[in-house]
**Student:** 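One structure, pasted below without further comment.
First the proteins, then the strands, lettered A, B, ... as listed; each starts at 1.
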Amino acid sequence: MNVSSFTAPELARELRRDGVHVRIGAYTVHIQSPFPAIAHNLRLLYADYPLEAEASFADFHVSVRPPKNFRRWLAPQAIFRIDNYVPFKPLPADQAYPLLEWGLNWCISTQFHRYLVVHGAVLEKNGRALILPAPPGSGKSTLCAALATRGWRLLSDELTLVAPDTMEITPMCRPVSLKNASIEIIQRFEQSVAIGPPAHDTSKGTVAHMKAPTASVQRSQETALPAWIVFPKYEASAATRLTEHPKGSAFMKIAENTFNYSMLGARGFETVSSLIDRCDCYDFAYSDLNEAIRLFRDLAER
Amino acid sequence: MLYDTASGDTHHLTPESARILSLLHDAPSTREELARCVLSSGETGVDDASLTMIDAILAHLVELGLIESIQH
């Protein structure tokens, strides 16, 4: 049974009452929310995800609800909770769905310490994983979304989970977060993709989420071994350019982009060392997605 | 790359710094001995420029808390 097994009213009712247990790759999340926008987005963007039985174990119990005070009438807000803990300040109610996605990222990046948790997108082709670590505004999610619509398997657009002992990357395949101009760029690039309604005036500007390809969701239990680390940078009018990045510097950039590097101590150092050893490292400048796709196809076929 | 288990810090060292640290890990050395090993000057004399470079590297490694100066 998948999320799409529910009709829209059924899903909204379940979310409002007992919540739903959704299997997302390596973990199960129990979600409760009365917000219609959450029900709408989950039904659209999580349609392919398996549902677990109501009494199942859940790694995270999360909710997005309005506050229980007068504000719910004057300036409606949404509050994210995990196990009744509130990690963020409330946001305007029309940002309820992005808040859920950001909250899930927070859950994983602060609690999945059995993995090295790198802030970066990760995709796979021919059994080899491509890691795209980059700060916001670098064009990482746009590139990730485009590659995912052109035959690359999406493992995550945000968090790369590396197992220290085996170096396997565990998928955490969820909708791709698109911001501002990227939303229209991806809509034009691949018209068949489903993109949820945009949320405006968030801390990241306008945000909308792209549905992960069904094939990627269905292979969410398959790990992949890292082969490339590419630091992308979107530059208007830039020629498509892939250049080698020195491994020492790549190490430091990965360490800086890892949520739990310090927490893992020597184990974190060893894991990043192994990751760098086994990957070819590059800088990548681009402005044309079609050229980018061709370049990465060639890279995967080498 | 170097991980300092005492501080939890990670250091990105130049090849020369890494070589000096490795030599000092094996045994204490003078700046002249280090210059001869690191700069491949063999039995020939070590010039002032080389010693200045070694001194700068040693000062940086001291600053990072990776080595300390001892009297002999």
**Student:** If you count every heavy atom of other residues, nucleotides or ligands that lies below 6.0 Å from D48(B) atom CG, does the total exceed 12?
**Tutor:**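 Result for CG/D48(B): open.
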
**Student:** For the atom pair CE (M1(B)) and NZ (K247(A)), what is the distance rounded to the nearest 0.5 Å?
**Tutor:**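 Reported to 0.5 Å precision, the distance equals 13.0 Å.
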
**Student:** Can you measure from CZ (F269(A)) to CG (D4(B)) and round to the nearest 0.5 angstrom?
**Tutor:**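 Going from the CZ atom of F269(A) to the CG atom of D4(B) covers 10.5 Å.
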
**Student:** Heavy-atom count around E68(B) CD within 6.0 Å, excluding the residue itself: above 12?
**Tutor:**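 Counting neighbours around CD of E68(B), 12 or fewer heavy atoms of other residues, nucleotides or ligands fall under 6.0 Å, so no.
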
**Student:** Tell me if a side-chain donor or acceptor on Y3(B) pairs with a main-chain N or O of A266(A) at a distance below 3.5 Å.
**Tutor:**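 A pair under 3.5 Å: yes.
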
**Student:** Considering heavy atoms only, which positions within residues 10-23 of chain B lie below 4.5 Å of chain A?
**Tutor:**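 Interface residues of residues 10-23 of chain B: T10(B), H12(B).
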
